[in-house]
Protein chains: 2
Amino acid sequence: MLRVERQRLHDVVVEHLRGFITEGILPPGKKLNERELCETLGISRTPLREALKVLAVEGLIDISPNRGASVSRMSELEIRETFELISGIEAFAGELACERITGQELSDIKSLHDAMVVSKNQNDLPGYYQRNQAIHDLINKAARNSELRQVYLSLNRRIQALRYLSNHQAPKWDRALRDHEEMIEALEARDGKTLSEILRHHLLDKRDAIMLMVRE
Amino acid sequence: MLRVERQRLHDVVVEHLRGFITEGILPPGKKLNERELCETLGISRTPLREALKVLAVEGLIDISPNRGASVSRMSELEIRETFELISGIEAFAGELACERITGQELSDIKSLHDAMVVSKNQNDLPGYYQRNQAIHDLINKAARNSELRQVYLSLNRRIQALRYLSNHQAPKWDRALRDHEEMIEALEARDGKTLSEILRHHLLDKRDAIMLMVRE
DNA sequence: GCTAGGTTTTTTGCATTCAAAATACAAAAA
DNA sequence: TTTTTGTATTTTGAATGCAAAAAACCTAGC
């Protein structure tokens, strides 16, 4: 039978705050006053503090002793390094995916790709980015390694706010679409090496675009 | 001037418990009674609970609502997947290290390798494993990506207890030593692809050895 | 007007307390 | 004897209270 586990308060709080941070409602550098947050969330300080500890381990906020917490403000170096790491992990996921992906998953990806092209032609930027993200997510899932997946998701959350910003800018369409077409070809050919190369450089391109945005 | 930040209690607790878990003093599956731990550590429940939340995010313990915490007992699948992920990350670190390693670091690794061979000839297993670990750690550092490093260390902590167990067993000397020699050759030749291949398979071999141990 | 020093206020860290859920236990019924 | 049900105890989850550190403020002196 399905066990109904009442969610604990601090878990709910973690999810809320995570959302606020990744969606940019709580911007980088924002000071998190405990009493203030308690009032808006309608809870006491104990569960809030537990939630803050969790978010700190996840790298979404910084806590300095006796000074309190603030939303992490990633330095350019941290952004570079995080993207580099993600590029490596995603490339590895691509290799694994080539060994393990099912026909169903592959055709799901193709459909998403087609939908993405439609979004592009309609100049629907949010739709485009959403489908783009979904494709990468599906490849990651197809790697069939839940530890890898957890790390991937955790790292992505940290740069989510940045992505949010850059999603208002149009990408280099031709390059991006060509990359995706080649990715699908490599997947169909189960060519892990090629796919991982494409993914790696695709990510590093994305990084460069975002680094430009951040600097301005 | 260096700011002396008095460590917070829960940070100290995290370090202590982490040590207890990775050194096997608190074995997998061990139930962690809050009151008991508070008494042995001489603190109240608030900082302890904060520490437990942190360890849960790190994956070292499991917390189930209203049931309390226990040291994570990794399933065979989790072990397989974690090693696979580490193999991918370490392979990537090797590629980066080939681009970025300094002469000094390279010669440090060579010294460690020589010391490791001596340990082996003296049948000094702890010494052998310690140097072995140190070599992998140096390669990882040479990748010059602190985000990668953090993830690497975090994942390694999770399998540390298992490593501890397997360290009482003698490895396949000839294979392990040959691997290490080839690793150093690849590093000297700055041959990233080759190094990453060696590292990946070296890790998967290690995994197989540990999987055998775990099953017994 | 600006700085230095001290005082007040706020905020954080931790202990304690209260409430709710889970577990252990014992007595009664099958 | 085994199962079930009601009660007591333990254990966890969350709120409150208290002390110490940091920040804000205010006054005196230049």
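Every chain is numbered from 1 and lettered A, B, ... according to where its sequence line falls, protein lines coming before strand lines. Keep in mind that the numbers below use all heavy atoms, side chains included, and drop hydrogens, waters and symmetry copies.
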[X] [atom1] to [N] [atom2]: how many Å, rounded?
| X | N | atom1 | atom2 | result |
| --- | --- | --- | --- | --- |
| E39(B) | dT11(D) | CD | P | 10 Å |
| R49(A) | dT12(C) | CZ | P | 8 Å |
| L48(A) | dT12(C) | CG | C1' | 12 Å |
| R35(A) | dA23(D) | CZ | C1' | 14 Å |
| D11(A) | dG13(D) | CG | P | 10 Å |
| L32(A) | dG13(C) | CG | P | 13 Å |
| K53(B) | dG13(C) | NZ | C1' | 17 Å |
| E50(B) | dT12(D) | CD | C1' | 16 Å |

(request) State which residues pass salt bridge (Lys or Arg N to Asp or Glu O under 4.0 Å) with E99(A); sequence neighbours excluded, sorted by chain then number. (result)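 Not a single residue meets the salt bridge (Lys or Arg N to Asp or Glu O under 4.0 Å) criterion with E99(A).
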(request) Report, as yes or no, whether the 6.0 Å neighbourhood of atom CZ on R35(B) holds more than 12 heavy atoms from other residues, nucleotides or ligands. (result) no
(message) Counting only heavy atoms from other residues, nucleotides and ligands, does the tally under 6.0 Å from CD of E58(B) exceed 12?
(response) yes
(request) For dG13(D), take OP1 and OP2 only and decide whether either is under 4.0 Å from a side-chain N or O of H10(A). (result)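 No, H10(A) has no side-chain N/O under 4.0 Å of OP1/OP2 on dG13(D).
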(request) Look at K31(B) and dT12(D) and indicate whether a side-chain polar atom (N or O) is within less than 4.0 Å of OP1 or OP2. (result) yes
(message) Both T46(B) and E36(A) contact DNA chain C. Which one's nearest nucleotide lies toward the 5' end?
(response) E36(A)
(message) What I want to check is whether an N or O donor and acceptor connect the side chain of S44(A) with the base of dA14(D) at under 3.5 Å.
(response) no
(message) Taking donor-acceptor contacts at under 3.5 Å, does the side chain of R67(A) reach the base of dG13(C)?
(response) no
So which nucleotide from [options] ends up closest to the side chain of [X]?
| X | options | answer |
| --- | --- | --- |
| E34(B) | dC14(C), dT11(D), dG13(D) | dG13(D) |
| N66(B) | dT12(D), dA14(D), dT11(C) | dT12(D) |
| L9(A) | dA15(C), dT12(D), dA15(D) | dA15(D) |
| R45(B) | dA15(C), dG13(D), dT11(D) | dG13(D) |

(request) State which residue, out of K172(B), R175(B), R200(B), fulfils the side-chain hydrogen bond (donor to acceptor under 3.5 Å, both in side chains) condition with D205(B). (result)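 Testing D205(B) for a side-chain hydrogen bond (donor to acceptor under 3.5 Å, both in side chains) against K172(B), R175(B), R200(B) leaves exactly one candidate, R175(B).
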(message) Using ring centroids (six-membered ring only for Trp), state whether H180(A) and H136(A) fall under 6.0 Å.
(response)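 For H136(A) and H180(A), the ring centres are under 6.0 Å apart.
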